[in-house]
Amino acid sequence: MLATYFKEPRTLAVSRCGPAGNQLDRFIIWLEIRGYRSACIRRHSREAHRFAVWAQSEGLTVCNLDQNTLEFMHNKQNRCMV
């Protein structure tokens, strides 16, 4: 599924080897089933990859993710976009 939305070999390799790599295809299918447009699927896939990389760099696992952690990441992303 990842190759449907990303064509660059480097992008595919980095995404597949990242901490969310084995889940991105399932996430894309989930988005498709819900009718997300291609541009949104690409954006959300990149965001999921970045989130997984950040969580891994912070030593977080799925079990560690709670509301405070997600809010911290959301605020961090918003600061980066300004």
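For His49, the side chain to side chain donor-acceptor pair (under 3.5 Å) criterion is met by no residue, not counting sequence neighbours. A search for salt bridge (charged side-chain N to carboxylate O under 4.0 Å, His left out) contacts involving Arg43 returns Glu47, not counting sequence neighbours. Residues that satisfy the side chain to side chain contact (heavy atoms under 4.5 Å, CB included) test with Ala13, not counting sequence neighbours, are absent from this structure.
Between Arg46 atom CZ and Arg50 atom CZ the span is 7.0 Å, to the nearest 0.5 Å.
Here the closest heavy-atom approach between residue Ile28 and residue Ser45 is recorded as CG1-OG, 3.4 Å. Considering every non-hydrogen atom in both Ala48 and Ala20, the closest pair reads O-CB, 4.3 Å.
Applying the side-chain hydrogen bond (donor to acceptor under 3.5 Å, both in side chains) test to pairs two or more places apart or on separate chains, none has a residue in residues 7-18.
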Which donor-acceptor pairs under 3.5 Å do side chains of residues 29-42 form with protein atoms, sequence neighbours excluded?
from  : atom 1 : to    : atom 2 : distance (Å)
Glu32 : OE2    : Tyr5  : OH     : 2.4
Arg34 : NH1    : Trp30 : O      : 3.1

